[in-house]
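When a ligand or atom number is given, it counts from 1 through the structure's own listing order. In what follows, residues are counted from 1 in the order of the sequence shown. Nothing here was measured: the structure is a model prediction, and the numbers come from that model.
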Amino acid sequence: MTAIRPSYPTLRIGLAGFGTVGQALAQLLTASGPSAPIHRDVELRITRVANRNVERKRAGWLPGVSWHEDPLALATAADVDAVVELIGGIEKAYEFVKLALANGKHVVTANKALLAAHGDELQAVAAASGASLRAEASVAGGIPLLRVLRESFVSHRLTSISGILNGTSNFILTEMEREGRTYGEALADAQRLGYAEADPTADVGGTDAACKLAIIARIAFGQGVSLGDIRTGGIGQLRPWDFIYGRKLGRTPRQLGLVRQIPGDGLFLSVRTHMVQTDSLFASVAGPSNAVLIQSQDGGDFFFAGAGAGGAATATAVYSDLIELSRCGQRPETPFFGTYEAAPLHRATSKDFVAPFYLRFVVRDRPGILADIARCLSDHHINIDAVLQLPDQHKEAFPFVITIEAVAESQVEDAIRQILAMDFNVEPPLSCPMTP
Ligand SMILES: NC(=O)c1ccc[n+]([C@@H]2O[C@H](COP(=O)([O-])OP(=O)(O)OC[C@H]3O[C@@H](n4cnc5c(N)ncnc54)[C@H](OP(=O)(O)O)[C@@H]3O)[C@@H](O)[C@H]2O)c1
């Protein structure tokens, strides 16, 4: 039985991390006039703020607040009912959140890396102390997704969830698609506009999306997923050619996280580039937005799209958790990862993933290359669907594309390994599943 706790007419908040999202949250909670918080039945009051080198951060517009260097000071403070963790990273955030939960403080965080690494343990600490852990903003930023998955989809037999889970990657891909930029130019644009960090590795390499996918899989499929279970690849291998060939095929590249239930009790998890149809919902998602497609045996397809990042949108999702917390005495609450503990599913491999594929080669032109590749594909029981070859301008690095009919990905991997050993490759072949 979940105990019903008293509600908080005033929820006193300790805010750790006064950066992009932390400041946006403080502005949201203290705004007046037309921008004032919408829910007047709850009072959310920031009593303490922590940030390293805090003197730089003191804000005159946030009066009556104690300022601290170390977030740990908030975790035990008597005038704090809930802490909001917005420092990011894993080590310090873990220490802070665990201490706060153990001390009975509710925790709201936007930190997907923390939850992917330690979510189950932190939920157990929360359950032991009677505190709540909430993290709506940790996946898909401002899109209300996790609460909907945990509560509204609890009655659905889900078959797959796929999504554009990283706004930086999506911004880069749509810049390449629509503005004809190279990968390097689009990444530089993303950094200039504040969509990408100085070190963009986690975003463009797929790890950020993989952390979010692990949280989605935990809630929606009741499975503990580690990052090692997720086949993860980045967008760095894409070239302007892929957008030109993609257009000819009625497709465009999108970086998708995918969790799919496979017949025979398997779960397939990946983050990588898919070639999606240009008239698909995913193709319509441009710039730093996020989108998620939930497929259910019971209800069909559901599509959510919106602001996946940004201070204001993310702070609004954090705010929704705080409102829920301040009202949690009015109804029993569900733990963050939900109550769905499914029978364990084995981690499916590329043998279980069947799709048509886009294969792009960049070769040093010489006679017989196509025949060599076609022979290798045929040896692996792979049927060619089409061969696309633009007029040959660069003999030094000559790109062309082969699309193949639906086949288990393990066969594609074996064939590519063999082709990679051939003498004509200028760069490793790119293979992307082609999805609707
Ligand atoms: N920004 C978004 O659009 C977005 C969207 C969804 C989720 N999130 C998540 O929200 C969290 C915060 O993101 P953000 O964009 O607001 O980051 P940010 O702008 O870098 O802000 C983090 C703040 O925390 C401070 N900080 C970092 N480590 C600290 C430590 N050990 N002790 C004390 N203070 C520390 C930083 O101080 P310095 O100024 O010294 O660096 C900075 O002011 C992250 O977990 C992120 O993944 C962000």
**Q.** 4.0 Å heavy-atom contact, Gln23 with ligand 1
**A.** no
Q) Is any N or O atom of Glu69, backbone or side chain, closer than 3.5 Å to an N or O atom of ligand 1? A) no
Q | Minimum-distance protein heavy atom relative to atom 9 (C) of ligand 1 | A | Ala110 O, 3.4 Å
(Q) Less than 3.5 Å apart, any donor N or O on the side chain of Thr10 or Glu43 sitting next to an acceptor on the other? (A) yes
Q.
Checking a contact table here: which protein heavy atom is nearest atom 5 (C) of ligand 1, and how many Å away?
A. Thr314 OG1, 3.2 Å
Q: Salt-bridge test for Arg56 and Glu69: reply yes if a basic N is under 4.0 Å from a carboxylate O, no otherwise.
A: no
Q) Looking at ligand 1, does Asn53 have a heavy atom less than 4.0 Å from it? A) no
(Q) Salt bridge or not between Arg147 and Asp321? Use side-chain N to carboxylate O under 4.0 Å. (A) yes
Q: Report yes or no: does Glu85 have a heavy atom closer than 4.0 Å to ligand 1?
A: no
Q.
Which of the numbered atoms in ligand 1 are under 4.0 angstrom from any heavy atom belonging to Gly17?
A. 23 (C), 24 (O)
**Q.** Test: Arg192 and Asp189 ion pair at under 4.0 Å
**A.** yes
Q. For ligand 1, which atoms have a heavy atom of Ala309 less than 4.0 angstrom away?
A. 3 (O)
**Q.** Minimum-distance protein heavy atom relative to atom 12 (C) of ligand 1
**A.** Leu86 O, 3.4 Å
Q: Please determine if Lys351 and Glu409 form a salt bridge, counting it only when a charged side-chain N lies under 4.0 Å from a carboxylate O.
A: no
Q) Which heavy atom of the protein is the closest neighbour of atom 45 (O) of ligand 1, given with residue, atom name and distance? A) Gly88 CA, 3.3 Å
Q) Is the shortest side-chain N to carboxylate O distance from Arg360 to Glu427 below 4.0 Å? A) yes
Q. What part of Ala93 sits under 4.0 Å from ligand 1 if we count only heavy atoms: the side chain, the backbone, both or neither?
A. neither
Q: Give a yes or no on whether atom 1 (N) of ligand 1 lies under 4.0 Å from any heavy atom of the protein.
A: yes
Q. For atom 25 (C) of ligand 1, what is the nearest protein heavy atom, given as residue, atom name and distance?
A. Asn51 OD1, 3.2 Å
Q) For ligand 1, does Asn111 get within less than 4.0 Å through its side chain, its backbone, both, or neither, judged by non-hydrogen atoms? A) both
Q | Winner among Glu91, Arg52, Arg56 once heavy atoms are compared against atom 34 (N) of ligand 1 | A | Arg52
Q.
Students should be able to answer this: which protein heavy-atom is nearest to atom 47 (O) of ligand 1, and at what distance?
A. Lys112 NZ, 2.9 Å
(Q) Please report whether the ring centroid of Tyr245 lies less than 6.0 Å from that of Phe400. (A) no
Q) Of the backbone atoms (N, CA, C, O) and the side-chain heavy atoms from C-beta on, which set of Lys92 has a member under 4.0 Å from an atom of ligand 1: side chain, backbone, both, or neither? A) side chain
**Q.** Electrostatic pair Arg218:Asp120 at N-O distance under 4.0 angstrom
**A.** yes
Q: In plain terms, say whether Arg58 and Glu55 are close enough for a salt bridge, that is, a side-chain N and a carboxylate O under 4.0 Å apart.
A: yes
Q: Counting heavy atoms only, name the option from Lys57, Lys212, Glu95 that's nearest to atom 39 (O) of ligand 1.
A: Lys57
**Q.** Pi-cation contact, Phe282 with Arg254 (under 6.0 Å, within 45°)
**A.** no
Q. Nearest to atom 21 (O) of ligand 1, what protein heavy atom do you find, and at what distance?
A. Gly19 CA, 3.3 Å
Q. Is Gly89 in contact with ligand 1, taking contact as a heavy-atom separation below 4.0 Å?
A. no
Q: Report, as yes or no, whether the 6.0 Å neighbourhood of atom CD on Glu197 holds more than 12 heavy atoms from other residues, nucleotides or ligands.
A: no
Q) For atom 16 (O) of ligand 1, what's the nearest protein heavy atom and its distance? A) Val21 N, 2.8 Å
Q) If you measure from the Lys or Arg side-chain nitrogens to the Asp or Glu carboxylate oxygens, is any gap between Asp79 and Arg48 under 4.0 Å? A) yes
Q) Do Thr159 and Gln297 have side-chain atoms, one donor and one acceptor, less than 3.5 Å apart? A) no
Q: Check the pair His156, Phe302 against ring-ring contact (aromatic ring centres under 6.0 Å, His included), reporting the backbone distance first and the verdict last.
A: CA-CA 12 Å; His156 287 246; Phe302 301 84; 5.7 Å; yes
Q) So, is Ala137 polar-close to ligand 1, with some N/O to N/O distance under 3.5 Å? A) no
Q.
For the 3.5 Å polar cut-off, considering only N or O atoms, please tell me whether Gly310 and ligand 1 meet it.
A. yes
